[in-house]
Amino acid sequence: QQQVKQSPQSLIVQKGGISIINCAYENTAFDYFPWYQQFPGKGPALLIAIRPDVSEKKEGRFTISFNKSAKQFSLHIMDSQPGDSATYFCAATDSWGKLQFGAGTQVVVTP
Amino acid sequence: GAVVSQHPSWVICKSGTSVKIECRSLDFQATTMFWYRQFPKQSLMLMATSNEGSKATYEQGVEKDKFLINHASLTLSTLTVTSAHPEDSSFYICSARSDSFMNTEAFFGQGTRLTVV
């Protein structure tokens, strides 16, 4: 049973466009929500993360929006570039640090 | 971010043999290390959690006698796949975190591609 639901499964966006990935969770004990970027054959790399006391966090072209009441959060990739083509995972963790991953979204940015 | 090094990056072994994968935290002391398994085009599946000096805690359905985890020091954890079979072929990834981190973030190794022939 997946504790974090992620959509869409895949996404194709043109260069310069916006990629949007959505995640939802049920466990209110989760208090840290990271996003990871994974390239083929590599381990996941932390991209950006947010805590539930903040509704939005922006780092460069990456923005997390967080809706605590709806138990949803999303990743926006602005001005998408071909180098952003990767698989993105949302995750959630409680104070014990055990990550629960979403199913992943494969993003393809076309030139 | 903190650096986690995993070795080897890939390994091929014969069916029935054992393979050891190392996970090291290079610039911090890892209070907790996690081991994941990832099949192609799928998410990461947590196999076990280990704290330094303690026995690992395995997730439901993971055979602890087959996947031996040792976390003997604050910078090193090992995963040994015993009597490997072709169905054990997968991408194995470790992550590590420290109680000293402000957030409960974990940093990942680069993964190990295991192929059992």
Side-chain angles (χ1 to χ4, degrees), chain A residues 1-11 21 23 25 27 29-54 57 59 62 64 66 85-108, chain B residues 1-11 21 23-25 28 30-51 56-61 90-115:
Chain A
Q1 182 186 352
Q2 201 134 37
Q3 295 197 37
V4 180
K5 291 182 167 47
Q6 183 173 347
S7 63
Q9 188 175 4
S10 61
L11 182 60
I21 306 169
C23 287
Y25 65 98
N27 189 345
F30 290 148
D31 62 359
Y32 181 68
F33 302 86
W35 284 88
Y36 289 89
Q37 180 188 56
Q38 186 180 31
F39 293 105
K42 303 292 184 183
L46 179 64
L47 197 59
I48 186 172
I50 198 168
R51 286 203 174 275
D53 53 348
V54 176
K57 184 175 181 180
E59 288 184 2
F62 301 93
I64 300 178
F66 191 89
S85 296
T87 300
Y88 293 82
F89 293 96
C90 62
T93 182
D94 56 21
S95 57
W96 293 103
K98 188 158 61 169
L99 283 165
Q100 300 290 342
F101 282 91
T105 297
Q106 185 174 15
V107 174
V108 174
Chain B
V3 180
V4 176
S5 176
Q6 198 172 328
H7 178 81
S9 297
W10 58 271
V11 58
I21 303 169
C23 180
R24 292 180 186 274
S25 56
F28 68 99
T31 320
T32 308
M33 286 188 169
F34 305 89
W35 286 94
Y36 296 84
R37 184 173 182 176
Q38 187 179 33
F39 291 106
K41 298 191 182 300
Q42 291 190 23
S43 188
L44 285 79
M45 183 192 79
L46 180 65
M47 299 174 67
T49 303
S50 72
N51 294 293
T57 303
Y58 291 81
E59 295 298 302
Q60 194 172 10
S90 188
F91 193 52
Y92 292 88
I93 312 170
C94 70
S95 73
R97 62 173 300 275
S98 170
D99 286 345
S100 65
F101 290 165
M102 188 169 61
N103 295 314
T104 51
E105 59 190 321
F107 294 90
F108 285 81
Q110 65 268 46
T112 297
R113 172 74 57 195
L114 170 64
T115 302

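Just so we're clear, the structure is a prediction, and the values are computed from it rather than from any experiment. Per chain, numbering begins at 1; letters A, B, ... match sequence-line order.
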Check: F89(A) and L44(B) side chains under 4.5 Å, non-hydrogen atoms
yes
Examine whether an atom of Q6(A) lies under 4.5 Å from a heavy atom of chain B, and if so say whether it belongs to the side chain, the backbone or both; otherwise answer neither.
neither
Using non-hydrogen atoms and a 4.5 Å limit, figure out which bit of Q38(B) sits close to chain A: side chain, backbone, both or neither.
side chain
Residue Q106(A) versus chain B: region with a heavy atom under 4.5 Å:
side chain
Heavy-atom distance under 4.5 Å to chain A: side chain of T49(B), backbone, both or neither?
side chain
Would you indicate whether the side-chain heavy atoms of L46(B) and F101(A) approach each other to under 4.5 Å?
no
Contact part of P44(A) toward chain B, heavy-atom cut-off under 4.5 Å: side chain, backbone, both or neither?
both
Which value, rounded to the nearest 0.5 Å, describes the distance between L46(A) atom CG and F108(B) atom CZ?
9.0 Å
Which one of A103(A), A49(A), G104(A) has the most heavy-atom pairs closer than 4.5 Å to chain B?
A103(A)
Side-chain contact, heavy-atom cut-off 4.5 Å: I93(B) with Q38(A)?
yes
Let me know if Q60(B) has heavy atoms under 4.5 Å from chain A in its side chain, its backbone, both or neither.
neither
What I'd like to find out is whether the side chain of K98(A) reaches to under 4.5 Å of the side chain of R97(B), using heavy atoms alone.
no
Check: S43(B) side chain, G102(A) main-chain N or O, donor-acceptor pair, under 3.5 Å:
yes
